[in-house]
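Notes follow once the structure below has been shown.
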Amino acid sequence: MSDTMTNSPSGQPGEQKEVSEKKRKRYQGYDVDKMRNKRAGRHKPWFWKVLGISLILTILLILAAFGYIFRSNKKMMAYLSQINEANTVEKLLDGHKNITITTSYSHLSEGDDYKTTRFLKKDKDGEYYSYLKTEGLEKDYKEVIADGEMYRYDERFAYCFGLLGEEDQNQCLEEIKDAVFQASEEEKIDNQKESGHFIKVEALYEVSEGDDYNTTYGFQAGEQVVQTLTLDKETLIVLTAVETCGGEEFYSYTVEFDGENKIPQFYKDVKDLTKDRLCTVYYDYEGKNEKKYTFKLSSDVYFNLLPHKGYKAYTDEDCEKEFTDYQVEVQNPETDLTLYVKKESE
């Protein structure tokens, strides 16, 4: 019996080892750790590829979005610049004998609503003739700038403002130019439509602390101003402009062409009078750049000066009696006048 058991096939050590090896191979598919490592090794390169491609696509999309916004902003700024370049006194007068610009202001933080009307043309010598009329101001007036002179009438007296050199003449010229509409390049065009010979543009502006909308109108920072423009399609000249905030209109602008010639009666009267009054002004009196100006005026025309920053006007050589608004009005308009404009001591 012992011989039989010893010779049994299943009892051979070699055969037992072979069976164990087969069982191990049969169940090695359930070696979780090993299979996990295999799966991780097999999928890991694809994971990083997909992640990398996703990141690249995301970056490209972000760059494309920024590029689009940048190009859009640049395009809008270029368009606003074109509008501003088209809206100058010279271009508005090109091909027209005159223009009339009417501007209305309301909802002001200080003062009442008011309106200005400026008539503008060029004379035969190519110089500007400007007539300005105000309505609604505390002191309304009519003003004419022509032939290097400036006259103003306040329904009581006619005043002549002595223009001291190019500085004062340039100031008058700038006031004339400022009457023509100019868009802010900080605005963002929201909508644009063409209709026949016209273009309608809607632009948005966000109020900032300290800007004109904040200080002049009292709008709060962050509020949105909507500006609606009507432009001539061919020239880009702004024919009308309206600004609203919170649905309320507070500013309007209109240009009209080739209207009736406007020369106010007070100016006609002044021009017809004999110039027999002499007004003398010493500018930068006792300074390094002292200069003498003389003006011949008609009797009954009061004399005044534009303000000069850092300077004061006096009626005496000792510069003790200041030429105030009150003295302007109580001066004798039939006698000669001498003024001394002296730099204020620092």
Side-chain angles (χ1 to χ4, degrees), residues 98 116-135 137-176 260-286 290-309 311-342:
N98 60 59
T116 66
T117 304
R118 187 181 290 273
F119 173 85
L120 189 62
K121 67 175 184 178
K122 277 195 171 184
D123 60 26
K124 59 183 180 181
D125 297 323
E127 298 295 327
Y128 290 116
Y129 165 85
S130 170
Y131 166 46
L132 174 67
K133 178 183 178 182
T134 69
E135 298 172 86
L137 291 176
E138 184 179 352
K139 292 183 178 180
D140 283 328
Y141 60 88
K142 298 174 182 178
E143 177 185 275
V144 171
I145 299 174
D147 300 323
E149 297 178 322
M150 175 178 169
Y151 286 89
R152 185 176 290 180
Y153 179 62
D154 64 0
E155 303 299 337
R156 298 179 303 159
F157 310 113
Y159 297 84
C160 175
F161 284 75
L163 302 181
L164 307 182
E166 290 187 5
E167 181 182 350
D168 283 4
Q169 293 182 30
N170 288 338
Q171 183 176 334
C172 290
L173 184 59
E174 287 302 315
E175 289 179 3
I176 291 172
E260 183 182 352
N261 198 24
K262 296 180 182 180
I263 302 178
Q265 188 60 46
F266 91 89
Y267 187 64
K268 293 179 182 178
D269 294 340
V270 167
K271 298 299 284 184
D272 290 339
L273 295 174
T274 304
K275 294 186 176 182
D276 53 5
R277 184 184 183 205
L278 184 66
C279 292
T280 305
V281 180
Y282 291 93
Y283 182 71
D284 195 31
Y285 180 62
E286 294 184 335
E290 181 178 323
K291 191 171 183 180
K292 178 182 177 182
Y293 295 89
T294 56
F295 303 90
K296 287 187 177 182
L297 308 180
S298 308
S299 294
D300 295 331
V301 175
Y302 287 69
F303 187 75
N304 203 348
L305 294 172
L306 294 174
H308 292 78
K309 188 176 180 180
Y311 289 83
K312 285 186 178 180
Y314 301 89
T315 58
D316 63 311
E317 292 186 56
D318 295 330
C319 296
E320 295 177 351
K321 299 177 182 178
E322 190 177 344
F323 190 58
T324 61
D325 291 340
Y326 172 74
Q327 288 178 314
V328 171
E329 294 185 359
V330 299
Q331 67 181 275
N332 186 340
E334 296 182 353
T335 61
D336 294 346
L337 177 68
T338 301
L339 296 177
Y340 305 87
V341 180
K342 188 174 182 179

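What you see is a predicted model; the values in this text were computed from it and never measured.
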Only residue of F266, Y151, Y302, Y141 satisfying ring pair (Phe, Tyr, Trp, His ring centres under 6.0 Å) with F157 is Y302
In this structure, is the centre-to-centre distance between the rings of Y283 and Y311 below 6.0 Å? yes
Taking Q331 for the side chain and V328 for the main chain, is one N or O donor matched with an acceptor at less than 3.5 Å? yes
With heavy-atom distances below 4.5 Å as the criterion, would you say the side chains of K139 and D154 are in contact? no
Would you say that more than 12 heavy atoms from the other residues, nucleotides or ligands in this model lie under 6.0 Å from the NZ of K321, or not? no
Heavy-atom side-chain contact between V301 and R277 under 4.5 Å: no
Flag yes if more than 12 heavy atoms outside D123 fall under 6.0 Å of its CG atom; otherwise flag no. yes
Give, for atom CG of D336 and atom SG of C279, the distance between the pair rounded to the nearest 0.5 Å. 7.0 Å
The reported gap from CG in L339 to OG1 in T315 (rounded to nearest 0.5 angstrom) is 7.5 Å
Looking only at non-hydrogen atoms, find the nearest pair between L163 and G148 and report the distance. CD1-O, 3.4 Å
Ignoring hydrogens and geometry, is there a side-chain-to-backbone donor-acceptor pair from D147 to E149 under 3.5 Å? no
One should read off an interatomic distance between N261 CG and Y131 OH, to the nearest 0.5 angstrom, of 12.0 Å
Taking all non-hydrogen atoms of both residues, which atom of T117 and which atom of E135 are closest, and how far apart? OG1-OE2, 4.3 Å
Just checking, is any N or O donor in the side chain of K262 or N98 under 3.5 Å from an acceptor N or O on the other one? no
Would a 4.5 Å heavy-atom cut-off, applied to side chains only, mark L120 and Y128 as touching? yes
Please round to the nearest 0.5 Å and tell me the distance separating atom CG of L173 and atom CD1 of I145. 8.5 Å
Below 4.5 Å, heavy atoms only, C-beta onward: do E260 and F119 meet side chain to side chain? no
Determine whether the aromatic ring centres of residues Y340 and Y282 are separated by less than 6.0 angstrom. yes
Could you go through L278 and T280, starting from their C-alpha distance and side-chain angles, then the distance that decides it, and tell me whether this counts as side-chain contact (heavy atoms from CB on, under 4.5 Å)? CA-CA 7 Å; L278 184 66; T280 305; 4.1 Å; yes
Start with the C-alpha distance between Q265 and D269, add both sets of side-chain angles, then the distance that settles side chain to side chain donor-acceptor pair (under 3.5 Å), and finish with yes or no. CA-CA 6 Å; Q265 188 60 46; D269 294 340; 2.9 Å; yes
CD (E166) with more than 12 external heavy atoms under 6.0 Å: no
Around atom CD of E174, are there more than 12 heavy atoms of other residues, nucleotides or ligands at under 6.0 Å? yes
CG (L337) and CG (N332) are apart, to the nearest 0.5 Å, by 10.0 Å
Please check this pair: side chain of N170 against backbone of E167, looking for a donor-acceptor N/O pair closer than 3.5 Å. no
Close side-chain approach of V281 and F303, heavy atoms under 4.5 Å: yes
If every non-hydrogen atom of G162 is compared with every non-hydrogen atom of D168, which pair is closest and at what distance? O-OD2, 3.7 Å
For the residue pair Y285 and C319, establish whether any side-chain heavy-atom pair is separated by less than 4.5 Å. yes
If you apply the rule side-chain contact (heavy atoms from CB on, under 4.5 Å), what do you find for K142 with L132, and how did you get there? CA-CA 6 Å; K142 298 174 182 178; L132 174 67; over 6 Å; no
Point-to-point distance, once rounded to the nearest 0.5 Å, from CD of Q171 to CE of M150: 8.0 Å
